[in-house]
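A short write-up of the structure that comes next.
Quick note on labels: first sequence line is chain A, next is B, and so on, each numbered from 1.
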Amino acid sequence: MQQISDILSFHRADRSDLIPILHEVQSRLGYIPPEAMQAAADHVGMSASEVYGVATFYSAFKFKPVGRHCVKACRGTACHVKGSEKILAEIEKALGIKDGDTSADGEYSLETVACLGSCALAPVLVVDERVYGRVTPARVKSILRGER
Amino acid sequence: MAQTVKFTIDGKQVTSTEGTTVLEAALSAGIFIPNLCFHPDLEPYGGCRMCIVEIQGMRGMPTSCTIKVAEGMIVKTFGPEIDKTRRDALQLLLANHPTDCLACVKNQRCELQKVAAYMGVTERTMQRTARPQAVDESNPFFKLDRNYCILCARCTRTCNEITCVNAIDLVSRGDETRVSLFQDQQFMESICRSCGECVARCPVGALVSKNTVIPSSEVLTTCCYCAVGCSMYLGVRDGKIVSVRGNSEGKSNKGKLCVKGRFGIAEFVTHPDRLTSPLVKGENGQVQASWDDALQIVADRFKTYSPDEIAVVASARTTNEDVYAVQKLARAVLGTNNVDNCARL
Amino acid sequence: MNLSGLREQANNAWKAVNEPSRPQVLVGQATCGEASGAGEVNHSILETLKRLGIEADVHSVGCIGACYCEPLVDIVKPGAPRICYHSMTPALVSELLEDYLVKDNPRPDLALGVWGESRFGIPALFELPMFKPQMRIALRNAGVIDPENMMHYIARGGYTGLERALKMAPEAVIAEIEKSGLRGRGGAGFSTGLKWKLCRQAKGSPKYIICNADEGDPGAFMDRDLLESDPHAVLEGILTGAHAMGAAEGIIYIRAEYPLAIKRLVKAISQMRDIGLLGKNILGSGFDFDLRIVMGAGAFVCGEETAMMNSIMGRRGTPRPRPPFPAESGLWGKPTSINNVETWACVSAIMEKGADWFSSFGTEKSKGTKTFSLAGKINRTGLIEVPMGITLQEIIFGIGGGIPGGKSLKAVQTGGPSGGCIPASMLSLPVDYEALTKAGSYIGSGGMIVLDEDNCMVETARYFLSFTTSESCGKCVPCRLGTRQLLTILTDITQGKGKPQDIPAILGLGKSMRQGSLCGLGQGAPNPAMTTIAYFREEYDEHINSHVCRAGECRALISYTIIAERCKGCAICLRACPSAAITGEKGKPHVIDISKCSQCGNCLDVCPKKFNAVVKVPAAGPAAVPAAKG
């Protein structure tokens, strides 16, 4: 809660600050808990339902705690035509979780994103902040291991 | 004074005032354009795409609910292209809507049904895309069955623009969009005040009162719950109040009601504890009396006190006009300034 | 401080790179470089220089567009031209530095090209097939300069266009832009000059301008590359536009998926502020302007201007009907002008070199150049900039080097999810706004995804519909439910459950969605399906009537089998099968049980090439029988 009020103290009490607030909450906590949405609502003068409506519109916002490492598989067109589905299946197999889930040990979260904009190197995978290009199913395990 | 605007709809000369939308102007000129997300109390939305028209000099098919009338405008409300586009949008809604109209409480009062009938749609042409949606029956007065929802957003806009409570909003996006509350709570866990304004504006069977009975007649009256004086129609059937609806002509409420007025009247009127005649306290306890006898007793007693010894307290359930009469009685007849009202809202 | 005082300092800084007194090493470190390992390469360079005891400067530069052979490293040795080396690895770059800087061997075998004339047997970089047909205006500095060093930008003529513009009346600046023939590079191709004029003339104050950096089209990455490689080119354009339109505040709306671009923008904006290019009385002209960055949050529809404005105002990113147009009533009801990243970068070039210079490139109605990102089944993937009107043939086979693996080209997908697929038979099509629209597709932001014979066109259409279905904002009926309806039909076809009446159903509904949807997302969503039906009808018919996917991409219509004579019983496929569909004793031919097989293709991928025992065949199983409607 202290973290949330810290974030709010840097923002104007204006609804145009809502999305920046949500971004900051997520970057600190990894997700946006209900109490953060309620606090943001009170701060910018909206109802909590409205904040929930805005937050759920944007697919970047997450509402469940995430793992220590975040794996993002690109589902952009270039990645798709170069077989991103197989990469995703391989990651799902390696981590034992599906798109949108977090592994039981809290190590990994897996999500798909619309396009990472590294299409020339498709298929692309991002682990935490690192971008991996020209990924093959065979490389998936070593990429994931390298991050451990 | 708003400027008068002359323009043409389907070859017919129409006169309207500046700032009116094409849809409103058409409807008041007796020209029907199908519509679902439009509501006269709400800001234009442009979501259902039923009211699309062609306007000379404008690209594509704009929605008549979002375009303001302009001098010399030439509007076409039907034609094969418009009809096909509108019909496909309607078919998409029907493919995503329950099929059994008889099982719906809004049957025959449903605006989707009305639009389908107007357009002569008798069969569904698209693949069914409906998926089971959550139903919220937590509220004692109304329920939200999202399976019937067409996402016209009238309810969420009502909660935002009219009641300013913002208990409900659209959540998520695409065909995952749903009318919901914070954290997808149930109504009774939320900040919803159960005013039912959303229910009153739902065009379909998504937000409906529980125990809906269609009245055989309606009586115009004023709500007796507080002094605001909301004008309302009580629906009556077999001598009982079965429905309540705000009178949009009402000066103080413009059609709006609160939870008590909308959902509490029938129970209140017919409650067994309600006093229906004066009671006079005597040696045998409280005894029923006629109004003449009761008022005579009060008048006689008043005479035994000096004006300063009298205080008058009016009920909060009386109208403003009645409260005015009470203070007049106190000041002019009884000669006291000790006047109050129990309303502490 | 004024700019003329800085120019000398800038020229010296730039000279120190190009005519150096000690070796200069420039590493391409945009996101694509990083994804190929440029970070490790950079690390290795620093280690090697230290080990060899060489005093040198190492710079990070942006991306020159040759993403296919990243990481790229340029070396400028005193007295020698800048040489570009490709496909670097930490070991290779270490070897290169030692050979070139110590042993004076420029290693032509590792080089891509020389900046300037051919030397040491290394070809001239800009004479290479990939670069020769290009004309780099928006990308003029991309991969050339260090994007975080403002001096480099200024030395290359940066901010001279702004200085010129500030001395001109706003109306004259707009007239110059109008004269250049520049059209919005975000997709719709509306005249930029006219757009500005409408905003200039609109009543209301303050006015806002927005830079649309919410590059959402999957397969398009020119905006990312431009912002990562040359942020000041864009910022200078924004400043020019603010002066022309009389805007007091600017907002750059950028997608959150581009962290490096955001970082470089933040840095560039603070550099501008430091030298008085933002704030009050810019360059003493009496013009006040400030700029801030707003991050998107993963919603494709926010690329639509009214949706973007809602998002900036902290609302759900749903579009609203127009009119009123943003030029009259935009952010907070005030006049607002939204222009795309590449458009802004063209503006700064036009103001520097003049409208006539810009309009000397391109075609009659589409002036100047356009950036395109090449991705998919093409040899030289990357980012290019070409004069409008160049043919697809030149782009795909000239610049892009054709299709890898000896496969044949099937189609080029342009314009993102609202675009279409142009068949190989139409390669002579000139690329401009009008020609692509006439072919049923459109330029869009400039993404080009090349598809070869292994790509199924029905599956491609299904993919795009799955994208638009999940990215639809949900406000209007034709888009929210129409995309779902089309996706349902296309999914059925790819699964062998299609019906002949599906084709007219798609075309009919598609037309209604084009006409009836609220914004461009819904209006364009049926395009991938409609153009693939127009150009690849036979593939649809085969799926529907014969349950055959000629590309072998639709899982339900293919099957895998093991050729017994070739199988050595090594059991590699057996272990790789996720469905336990493969059985067989060690050393004896294995068999796939079709009823258990999920057609994932793992067995084919893992079967050793020397055996080549697993093959993909048309499904003979349940899919061949017309399936009951589910």
> Do B:Thr85 and C:Gln515 have side-chain N/O donor and acceptor atoms under 3.5 Å apart?
Replying inline: yes
> Checking C:Arg320 against chain B: side chain, backbone, both or neither under 4.5 Å from a heavy atom?
Replying inline: neither
> Based on non-hydrogen pairs under 4.5 Å, which of C:Ser470, C:Cys479, C:Ala505 is most in contact with chain B?
Replying inline: C:Ser470
> Considering only heavy atoms from C-beta outward, does the side chain of C:Arg480 approach that of B:Leu93 to under 4.5 Å?
Replying inline: yes
> What residues, two or more places apart in sequence or in another chain, satisfy side-chain contact (heavy atoms from CB on, under 4.5 Å) together with C:Ser441?
Replying inline: C:Thr414, C:Ile422
>> Which atoms of C:Ser517 are under 4.5 Å from chain B, going by heavy atoms: the side chain, the backbone, both sets, or neither?
In response: backbone
>> Restricting to salt bridge (charged side-chain N to carboxylate O under 4.0 Å, His left out), what partner residues turn up for B:Lys76, sequence neighbours left out?
In response: B:Glu54
>> Applying side chain to side chain contact (heavy atoms under 4.5 Å, CB included) to B:Asn96 and C:Arg484, what does each step give before you reach the verdict?
In response: CA-CA 10 Å; B:Asn96 208 42; C:Arg484 172 61 68 187; over 6 Å; no
>> If I take atom CG from residue B:Leu90 and atom OG from residue C:Ser512, how far apart are they, to the nearest 0.5 angstrom?
In response: 11.5 Å
> What residue in B:Arg86, B:Glu81, B:Gln91 has the most heavy-atom pairs under 4.5 Å with chain C?
Replying inline: B:Glu81
> Should we count NZ of B:Lys114 as having more than 12 external heavy atoms under 6.0 Å?
Replying inline: no
> Who in residues 174-184 of chain B is close to chain C, using a strict under-4.5 Å heavy-atom cut-off?
Replying inline: B:Gly174, B:Asp175, B:Thr177
> Got a donor-acceptor contact below 3.5 angstrom from the C:Gln485 side chain to the B:Gln127 backbone?
Replying inline: yes
Distance-only donor-acceptor pairs under 3.5 Å for side chains of residues 57-64 of chain B, two or more places apart:
{"residue": "B:Thr63", "atom": "OG1", "partner": "B:Thr66", "partner atom": "OG1", "Å": "2.7"}
{"residue": "B:Ser64", "atom": "OG", "partner": "B:Cys51", "partner atom": "O", "Å": "2.8"}

>> For C:Leu509 versus B:Asp88, what's the shortest heavy-atom pair and its separation?
In response: CA-OD2, 3.7 Å
>> If you count every heavy atom of other residues, nucleotides or ligands that lies below 6.0 Å from C:Phe190 atom CZ, does the total exceed 12?
In response: yes
>> What part of C:Glu471 gets within 4.5 angstrom of chain B, counting heavy atoms only: side chain, backbone, both, or neither?
In response: both
> Roughly how far, to the nearest 0.5 Å, is the SG atom of C:Cys476 from the CG atom of B:Leu151?
Replying inline: 11.5 Å
>> Is C:Pro321 close to chain B through its backbone or its side chain, or both, or neither, when contacts mean heavy atoms under 4.5 Å?
In response: side chain
